[in-house]
*Asks:* 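Below is the structure I would like to discuss, written out as structure tokens.
Order of the sequence lines fixes the chain letters, A, B, ..., with proteins taken first and strands second; residue numbering starts at 1 for each chain. Just so it is clear, the structure is predicted and the values come from calculations on it, not from any experiment.
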Amino acid sequence: MTAPLDPDDYDAFCTFLRGRTGLSFTEAKRYFVDRRLAERMTAVGAESFRDYMNLLRFQASGEELQRLVNLMTVNETYFFREKYQLDCLVNSALDEVVRGRKPGDRVRIWSAGCATGEEPYSIAIMLLEHWGKVDEYEIELYASDIDSHVLKRARDGVYEERALHMLPRGLVAKYFTEIEPGRWRIMDELRESIDFSLVNIVDPAQVARFRDIDVIFCRNLLIYFDDLGRREAASMFYEALAPCGFVCLGHSESMSRMSSLFVPRRFPDAILYQKPQR
Amino acid sequence: MALVKAKKGTLPPVVEAEAASLEDADPAQRRRAAHEAAGRAEAVAPLAGRLAREDDASVREAILTALVRTGSAEAAGALIPFLASEDVGLRNGAIESLQQMPAAVVMPEVAPLLTDGDSDVRIFAAQLVGHLPHPDRLPLLTGVVERDPHVNVCLAAVEALVEIGHPNALPSLERLVARFPDDPFVGFSVESARHRFTEDPERDLGA
Ligand SMILES: C[S@@+](CC[C@H](N)C(=O)[O-])C[C@H]1O[C@@H](n2cnc3c(N)ncnc32)[C@H](O)[C@@H]1O
């Protein structure tokens, strides 16, 4: 068992991790960090903290950093979480997005921080079930996460009861097949309609691919960031959005403190943040 | 079904672009230049230079964020002149950004402003110092309360001290009442500080 880090090493590690991922751990989270770090150091046979840091920093494949990141993220999620925001999407936001567009035009929605996929699949189901204009537009759904392990599960699309508890039974029956008792797989048509990718939202090079997005969902992710990380994420979203595009944050998260870039918009179901026209 | 198959998505390909310039006519390019400059020591001066002339809010935000990310004494120092800016948005952006930088780096840059010739700058400096978790915070603010000739500066320091809530500040506050016996705001704010300090013995006493 590796000894816990001394305070300077702990700081150095947290600074490194925050710089790379936005994830911010304070002293209060020491137990969480120490345990995972010790586990990885033992697994790779690192002799010292410094050896391990060098591996994280300089390993060409980035494999160990990815393993560590996978351990450091919190991936809790479920279908129809904070459903009022999904209601807002289909009742208000999308109608505004398509105003002035022609039938057949594209609409792009991105779930940034999708974890095991429940959020983007929920969006897809809400569109199909509740957005009256769904057949008039070509809708592209993107979903990404920094954690490669959860992405794989998102692509597989197999869920247990706990993830489905908010979903009406009729919708489970309509969009899933029970592959063994207590395990359901989402239908292929939905799996194939979502473009999953590994993206760190504070890395400009990785976010560069996302352009002209109409709605970004970034829920329950920025709570793990500090102020600077939130600010950097906000500027990445600003670049990725089309003019007048929306950001949807988790219920306890707000952009007002974090960025002067967006305008809060109050809709009947929820508040979204909007990029100005220009 | 109107959901497009993932493989058929139409996101434009990312083109390997040339390095962007902070002086480009297109704000998107200036923002990109600012993102690229984050964390780079040699970029502090050009970023600050552009910030002084920049009037696009999104580019300002990108520059400020980049300087916070750099987080060095030079980056903090480069933001200091903006505390005297007439432009409220820019000034507030600078204050907020300094608050997000490491206190150990910011404090030596901001502390001298507590004796600046402009009382408005001293007010912003007192507010900022109040937000920096740093061991010098308490003595600096009590120093302002005891010595600053301008009552509004003293009140800004009192407000910050009330937030910190350390009872060691009380004697200085009492002396402030003696210095400005006729100012109702001084009497009122010191009274509320007394309350705050005595009511709340469980407060974290770390200054
Ligand atoms: C608690 S889950 C939230 C999932 C879903 N959005 C929801 O609200 O239910 C947060 C997710 O954010 C991801 N995450 C954390 N930092 C990230 C980053 N820098 N870039 C992309 N994803 C990140 C984590 O891996 C995790 O899967």
*Asks:* Give a yes-or-no answer on whether the side chains of B/Ser97 and A/Arg231 include a donor-acceptor pair shorter than 3.5 Å.
*Replies:*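 Yes.
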*Asks:* Quick check with a 6.0 Å cut-off and a 45 degree axis cone: is A/Arg30 positioned over the face of A/Tyr10's six-membered ring?
*Replies:*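 Flagged: A/Arg30 positioned over aromatic ring of A/Tyr10.
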*Asks:* Extract all donor-acceptor atom pairs below 3.5 Å that involve side chains of residues 11-20 of chain A and protein atoms in other chains or at least two apart in sequence.
*Replies:*
unit_1, atom_1, unit_2, atom_2, d
A/Thr15, OG1, A/Asp11, O, 2.8
A/Arg18, NE, A/Asp226, OD2, 3.4

*Asks:* Run the ring-ring contact (aromatic ring centres under 6.0 Å, His included) test against A/Phe176 and tell me which residues pass, sequence neighbours left out.
*Replies:*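 A/Phe79.
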*Asks:* Side chain, backbone, both or neither: which part of A/Leu141 has a non-hydrogen atom closer than 4.5 Å to chain B?
*Replies:*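 For A/Leu141, the contact with chain B is made by the side chain alone.
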*Asks:* Please determine, among B/Thr65, B/Thr10, B/Leu64, B/Val68, the option with the most heavy-atom pairs under 4.5 Å with chain A.
*Replies:*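 Heavy-atom pair counts peak at B/Thr10.
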*Asks:* Side chains of residues 113-126 of chain A: which donor-acceptor pairs under 3.5 Å do they make with residues two or more places apart or in other chains?
*Replies:*
unit_1, atom_1, unit_2, atom_2, d
A/Thr116, OG1, A/Glu118, OE1, 2.7
A/Thr116, OG1, A/Glu118, OE2, 3.3
A/Glu119, OE1, A/Arg219, NE, 2.9
A/Glu119, OE1, A/Arg219, NH2, 3.4
A/Glu119, OE2, A/Ser111, OG, 2.8
A/Tyr121, OH, A/Ala154, O, 2.8
A/Ser122, OG, A/Phe80, N, 3.0
A/Ser122, OG, A/Glu118, O, 2.6

*Asks:* With the threshold set at 4.0 Å, does a side-chain nitrogen-carboxylate oxygen contact exist between B/Arg60 and B/Asp87?
*Replies:*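 Here B/Arg60 pairs with B/Asp87 in a salt bridge, since their nearest N and O are under 4.0 Å apart.
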*Asks:* Go through the atoms of B/Asp56 and report whether side chain, backbone, both or neither lie under 4.5 Å from a heavy atom of chain A.
*Replies:*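 For B/Asp56, the side chain is the part near chain A, not the backbone.
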*Asks:* Identify whether the distance between the nearest side-chain nitrogen and carboxylate oxygen of A/Glu253 and A/Arg230 falls below 4.0 Å.
*Replies:*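 No, A/Glu253 and A/Arg230 are not salt-bridged.
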*Asks:* Heavy-atom pairs under 4.5 Å with chain B: which of A/Leu228, A/Val107, A/Ile194, A/Leu127 has the most?
*Replies:*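 Most heavy-atom pairs within the cutoff with chain B belong to A/Leu228.
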*Asks:* By a 4.5 Å heavy-atom criterion (distance strictly below it), what part of A/Tyr238 contacts chain B: side chain, backbone, both, or neither?
*Replies:*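 A/Tyr238 touches chain B through side-chain heavy atoms alone.
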*Asks:* Suppose a student defines contact as a heavy atom less than 4.5 Å from any heavy atom of chain A. Which residues in residues 18-33 of chain B would they list?
*Replies:*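 So the qualifying residues are B/Pro27, B/Arg31.
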